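Written below as structure tokens is the structure these notes are about.
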Amino acid sequence: MMGDILYYLIVIAAVLLIRRYVFNITRVQGKSMLPTLKSGQWFLVWRWPYLFHPPKRGDVVICCFPGRKVKHLPFLHQPMVKRIIALPGETIAIHEGQVFIGGEALEETYLSPAHCRFVRDMAEITLQNDEYFVMGDHRSVSLDSRRVGPIHRKMVLGRLSVRLIPPGKGPNCYIRRLPPQG
């Protein structure tokens with residue numbers, strides 16, 4: 001009896017540690033990442049790499065915004081799927097829908113004109129040493145850093161990597177990073 005309880009406690013602890021530090025599974029909800037991701041898709045989220053290396057521009061991540069809580073569970077942050085657009089220390093501005101990093105236009109080949117009718121401007125801001133600017137690929141409907149501000153590094157929970165449901169087939173099976181700028 002005592003051996004069974006100890007066994008189950010060890011299994012539960014192992015599962016919790018794996019979910020916290022290695023990987024998790026998440027479901028995309030909503031339209032904010034169209035056309036890259038569709039609502040209802042399930043992805044493997046790697047947490048492990050961000051324990052040792054900072055997120056990179058173009059990473060599609062699961063993150064939390066300050067003040068956004070899970071409905072009926074107000075002690076939990078609501079996770080969101082977004083793309084890293086600007087990195088710590090960078091200056092970002094938006095003019096007529098075009099994103100500028102350090103005064104240079106950001107090439108965003110993953111965007112679809114049908115999902116990017118957002119043409120409002122955003123004044124230039126400079127990110128602090130631990131801040132990231134994230135946006136959804138469907139700029140017209142995405143709740144992201146344009147409205148809630150930059151997010152802190154600790155709020156970036158992991159990088160989406162492999163589509164699980166529907167099972168990944170072909171070139172859209174994996175989430176790819178943007179090519180390096182420069």
Side-chain angles (χ1 to χ4, degrees), residues 15-16 18-50 54-87 92 94 96-99 106-120 122 131-179:
V15 167
L16 291 175
I18 289 170
R19 284 195 63 196
R20 174 77 174 133
Y21 296 108
V22 181
F23 71 88
N24 201 349
I25 295 172
T26 194
R27 180 176 181 253
V28 176
Q29 296 180 14
K31 299 177 181 180
S32 73
M33 286 301 292
L34 284 173
T36 307
L37 308 176
K38 295 173 180 62
S39 189
Q41 292 177 324
W42 289 81
F43 284 86
L44 183 67
V45 178
W46 282 112
R47 293 175 178 256
W48 186 258
Y50 290 163
K56 295 182 170 88
R57 182 183 341 280
D59 283 357
V60 177
V61 299
I62 185 166
C63 58
C64 295
F65 293 125
R68 296 286 298 183
K69 304 291 184 174
V70 174
K71 191 176 186 179
H72 305 300
L73 296 173
F75 53 89
L76 292 176
H77 287 284
Q78 173 69 48
M80 306 249 190
V81 178
K82 302 295 175 195
R83 186 181 299 272
I84 302 270
I85 300 295
L87 305 171
I92 181 171
I94 301 174
E96 297 181 9
Q98 175 66 56
V99 175
L106 179 64
E107 186 178 338
E108 299 182 280
T109 57
Y110 47 84
L111 295 179
S112 163
H115 299 105
C116 290
R117 293 186 212 118
F118 181 86
V119 293
R120 286 184 237 145
M122 184 189 84
E131 291 181 330
Y132 291 85
F133 197 92
V134 297
M135 295 172 73
D137 290 355
H138 191 333
R139 303 287 160 81
S140 303
V141 301
S142 180
L143 170 65
D144 51 39
S145 290
R146 293 172 296 171
R147 287 190 40 205
V148 300
I151 60 170
H152 291 276
R153 169 86 148 79
K154 65 182 178 183
M155 300 305 265
V156 178
L157 306 177
R159 186 183 64 186
L160 271 68
S161 60
V162 178
R163 188 175 73 216
L164 302 173
I165 299 174
K169 293 180 183 174
N172 295 324
C173 175
Y174 301 97
I175 300 294
R176 290 178 175 73
R177 286 195 188 117
L178 292 174

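A quick note: this is a predicted structure, and the numbers were derived from the prediction, not measured.
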Would you check, one step at a time, whether the test side chain to side chain contact (heavy atoms under 4.5 Å, CB included) holds for R146 with F133? CA-CA 8 Å; R146 293 172 296 171; F133 197 92; 3.9 Å; yes

Side chain to side chain contact (heavy atoms under 4.5 Å, CB included), that's the test. Do K82 and S32 meet it? Break it down for me. CA-CA 8 Å; K82 302 295 175 195; S32 73; 3.0 Å; yes

Test side chain to side chain contact (heavy atoms under 4.5 Å, CB included) on M155 and R153 and set out the steps. CA-CA 5 Å; M155 300 305 265; R153 169 86 148 79; over 6 Å; no

Could you walk me through whether V81 and V61 satisfy the side chain to side chain contact (heavy atoms under 4.5 Å, CB included) test, starting with their C-alpha distance in whole Å, then the side-chain angles of each, then the deciding distance to 0.1 Å, before giving a yes or no? CA-CA 6 Å; V81 178; V61 299; over 6 Å; no

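Atom CG of D137 and atom CG of L37 lie 7.0 Å apart (nearest 0.5 Å). To the nearest 0.5 Å, the span separating NZ on K38 from NZ on K31 amounts to 13.0 Å. Rounded to the nearest 0.5 Å, atoms CE (M122) and CD1 (I92) are 4.5 Å apart. Here F65 contributes atom CZ and L143 contributes atom CG; the two are 5.5 Å apart, rounded to the nearest 0.5 Å. Interatomic distance, M80 CE to C63 SG, rounded to the nearest 0.5 Å: 8.0 Å.
A pairwise comparison of heavy atoms in L87 and K56 identifies CD2-C, 4.0 Å as the closest pair. For the residue pair Y50 and G158, the shortest heavy atom distance occurs at CE1-C, 3.6 Å. Across every non-hydrogen atom of P79 and C64, the tightest pair is CA-SG, 4.1 Å.
Within the 4.5 Å cutoff, the side chain of R83 has heavy atoms near those of the T36 side chain. Contact of the F43 side chain with the V162 side chain is not registered, since no non-hydrogen atoms from C-beta on lie closer than 4.5 Å. For the pair Q41/I165, no side-chain contact is recorded, criterion being any heavy-atom separation below 4.5 Å from C-beta on. Annotation: side chain of W42 is not in contact with side chain of R163 (no heavy-atom distance under 4.5 Å). Two residues are said to be in side-chain contact when any heavy atoms from C-beta on lie closer than 4.5 Å; M33 and V60 meet this criterion. At least one side-chain heavy atom of I85 sits under 4.5 Å from a side-chain heavy atom of V99. Between R57 and L106 there is a side-chain heavy-atom pair separated by less than 4.5 Å. Within the 4.5 Å cutoff, no side-chain heavy atoms of P55 are placed close to those of R159.
A salt bridge links E108 with R139: the closest approach of a Lys/Arg side-chain nitrogen to an acidic carboxylate oxygen falls below 4.0 angstrom.
Each of D59, I151, I62 was scored for a side-chain contact (heavy atoms from CB on, under 4.5 Å) with V156, with one residue passing: I151.
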